[in-house]
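Heads up: the structure comes next, in structure tokens.
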Amino acid sequence: QETLFPETQSRIGPLQISGFYESASECGGDWWHYCVSNEKIYLWIGDATGHGVPAALITSAAKSAASIIENLDVGPGVAMQLLNQSIYDVSKGRLMMTFFIAMFDISNNKMTYANASHEAPYLIRKNDGQIKKKDLIPLNDLINPRLGQERSTQYEEVTVDFEVGDSLFLYTDGIPDIQNPKKENWGEREFIKTLVSSFKNNAEPDQVNYIFSKTFQDYRQNQTLIDDVTFFI
């Protein structure tokens with residue numbers, strides 16, 4: 001399954017990318033990806049129902065479909081529609097997947113996205129380096145149905161400005177569910193608190209990745225994950 005994922009550190013055009021993935025079992029249902037096509041950079045992240053082999057099969061189907069879709073020069077809405085048809089045909093409606101696709105247009109610094117009931121990524125605007133919780137902008141203006149729910153679903157898009165110095169944090173819902181040896185969840189509050197502190201002083205994506213992952217790993221103390229953990233900046 002490791003072959004389905006991109007390099008965890010990369011620079012594509014004006015974007016610097018740093019990611020993290022750990023499965024809760026031998027194989028999992030989270031998947032993330034990035035690619036460039038015709039001056040547009042695509043960012044993909046999804047979370048299949050459950051984890052283990054069935055979920056991994058769905059992520060494999062998503063990767064296969066994305067390999068074709070990324071060469072079609074379509075927007076996130078159409079990309080999501082095509083991806084949904086693929087997931088539905090593979091799972092026959094029995095397994096579903098939340099998903100988020102963003103497209104960054106290098107020519108005009110616009111980012112268009114479509115959200116299929118996935119955890120809303122956070123947009124962090126360039127600032128004086130001392131961000132607060134209120135500076136995290138959730139991209140939840142429009143939420144579409146999950147992939148695999150209905151084959152004919154149409155997915156709408158939203159466009160925002162994405163300027164030099166802005167950051168984007170994309171993740172799956174396994175992060176707040178990380179547990180320590182006492183089986184206590186890390187929780188939403190600590191997740192947001194750590195996210196804010198990780199972005200202070202306009203940290204680069206690889207620095208944010210290091211600070212954020214080290215904090216929850218210290219809390220976890222090698223406790224077994226109950227869900228896959230995935231994020232990228």
Side-chain angles (χ1 to χ4, degrees), residues 1-13 15-23 28-49 55-88 90-91 95-106 110-123 139-140 142-148 153 155-160 162 167-175 205 209 228-233:
Q1 191 181 20
E2 292 178 355
T3 64
L4 302 181
F5 294 89
E7 294 293 327
T8 56
Q9 309 283 338
S10 184
R11 182 178 291 277
I12 306 180
L15 296 190
Q16 183 180 344
I17 297 173
S18 182
F20 178 96
Y21 167 78
E22 185 175 345
S23 174
D30 283 5
W31 182 65
W32 72 285
H33 180 56
Y34 54 83
C35 60
V36 60
S37 178
N38 297 322
E39 295 297 302
K40 297 179 180 67
I41 301 170
Y42 292 81
L43 309 173
W44 315 62
I45 189 167
D47 183 358
T49 306
L57 290 172
I58 296 302
T59 63
S60 180
K63 165 61 176 174
S64 297
S67 296
I68 298 173
I69 296 169
E70 66 187 32
N71 294 311
L72 299 180
D73 194 22
V74 296
V78 173
M80 196 78 84
Q81 180 183 339
L82 296 172
L83 192 59
N84 173 61
Q85 292 172 0
S86 177
I87 298 300
Y88 185 87
V90 169
S91 69
L95 288 175
M96 299 179 195
M97 194 171 194
T98 66
F99 219 94
F100 184 94
I101 302 175
M103 180 190 74
F104 175 72
D105 192 330
I106 298 173
K110 299 283 186 182
M111 186 177 72
T112 302
Y113 68 87
N115 189 341
S117 295
H118 192 76
E119 297 294 316
Y122 287 105
L123 175 62
L139 298 184
N140 57 2
L142 187 63
I143 306 296
N144 296 287
R146 291 178 294 174
L147 302 181
T153 302
Y155 292 86
E156 298 184 59
E157 304 173 339
V158 176
T159 299
V160 296
F162 196 71
S167 299
L168 186 67
F169 184 89
L170 307 96
Y171 69 103
T172 59
D173 62 5
I175 291 179
N209 187 335
D228 306 326
V229 171
T230 306
F231 70 88
F232 71 104
I233 307 104

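Just so it is clear, the values below take in all heavy atoms, side chains as well, and ignore hydrogens, waters and symmetry mates. Quantities reported herein were computed from a predicted structural model and do not represent experimental measurements.
The closest donor-acceptor contact from the side chain of Glu157 to the backbone of Gly77 lies under 3.5 Å. Looking only at distances, no side-chain donor or acceptor of Asn144 sits under 3.5 Å from a matching main-chain atom of Tyr155. At distances below 3.5 Å, not a single donor-acceptor pair connects side-chain atoms of Asp30 with backbone N or O atoms of Asp47. Judged purely by atom type and a 3.5 angstrom limit, Thr49 uses its side chain to pair as donor or acceptor with the backbone of Met96. Panel note: side chain Ser60, backbone Leu57; no donor-acceptor pair is recorded below 3.5 Å. Between the side chain of Asn209 and the backbone N or O of Gly19 there is at least one donor-acceptor pair closer than 3.5 Å. Although no hydrogens or angles enter the test, the distance criterion places no donor-acceptor pair under 3.5 Å between the side chain of His118 and the main chain of Asp173.
Of the inter-residue distances, the one linking Thr98 atom OG1 with Ile45 atom CD1 reads 8.5 Å to the nearest 0.5 angstrom. Rounding to the nearest 0.5 angstrom, the gap separating the CD atom in Glu119 from the CG atom in Asn140 is 10.5 Å. The OG1 atom of Thr153 lies 8.5 Å from the CG atom of Leu147; values are rounded to the nearest 0.5 Å. Between atom SG of residue Cys35 and atom CG of residue Asn71 there is a gap of 8.0 Å, rounded to the nearest 0.5 Å. Considering CG of Leu4 and OG of Ser64, their distance stands at 7.5 Å, rounded to 0.5 Å. Rounding to the nearest 0.5 Å places CG of Leu170 at 11.0 Å from CZ of Phe231.
Considering Tyr34, Phe169, Trp32, Trp44 as possible partners of Phe232, the one that fulfils the ring-ring contact (aromatic ring centres under 6.0 Å, His included) test is Trp32. Checked options Tyr171, Phe5, Trp31; the residue passing with Tyr21 is Phe5 (criterion: ring-ring contact (aromatic ring centres under 6.0 Å, His included)).
Annotation: Glu156, atom CD; neighbour count of heavy atoms from other residues, nucleotides and ligands within 6.0 Å does not exceed 12. When the shell of 6.0 Å around CD of Glu39 is examined, it contains 12 or fewer heavy atoms from other residues, nucleotides or ligands.
What you find for Leu139 and Asn115 is that their closest heavy atoms are O-ND2, 4.0 Å. Between Ile12 and Ser10, the shortest heavy-atom distance links the atoms CG1-OG, 3.8 Å. Taking both residues in full, the closest heavy atoms of Ile101 and Pro76 are given as O-CB, 3.6 Å, listed atom of the first, atom of the second, then distance. Residues Gly29 and Thr59 approach most closely at O-CG2, 3.1 Å, considering heavy atoms. Residues Ser167 and Leu123 share a closest heavy-atom pair of O-CD1, 3.4 Å. When all heavy atoms of Met80 and Ala114 are compared, the pair lying nearest together is CE-O, 3.1 Å.
No side-chain heavy atom of Leu82 sits under 4.5 Å from any side-chain heavy atom of Ile68. Leu43 places a side-chain heavy atom less than 4.5 Å from the side chain of Leu168.
Applying the side-chain hydrogen bond (donor to acceptor under 3.5 Å, both in side chains) rule to Gln81 yields no partners; only residues at least two apart in sequence or on another chain are considered. Residues satisfying the side-chain hydrogen bond (donor to acceptor under 3.5 Å, both in side chains) criterion with Gln85, sequence neighbours excluded, are absent altogether. For Asp105, the side-chain hydrogen bond (donor to acceptor under 3.5 Å, both in side chains) partners at least two apart in sequence or on another chain are Ser107.
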Report the C-alpha distance between Arg146 and Ser117 in whole Å, list the side-chain angles of each, state the deciding distance to 0.1 Å, and finish with yes or no for side chain to side chain contact (heavy atoms under 4.5 Å, CB included).
CA-CA 5 Å; Arg146 291 178 294 174; Ser117 295; 3.6 Å; yes
Between Glu7 and Ile17, does the side chain to side chain contact (heavy atoms under 4.5 Å, CB included) criterion hold? Intermediate values first, please.
CA-CA 9 Å; Glu7 294 293 327; Ile17 297 173; over 6 Å; no
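Using cut-offs of 30° and 60° for the angle between ring planes, the Phe162 and Phe104 rings count as perpendicular.
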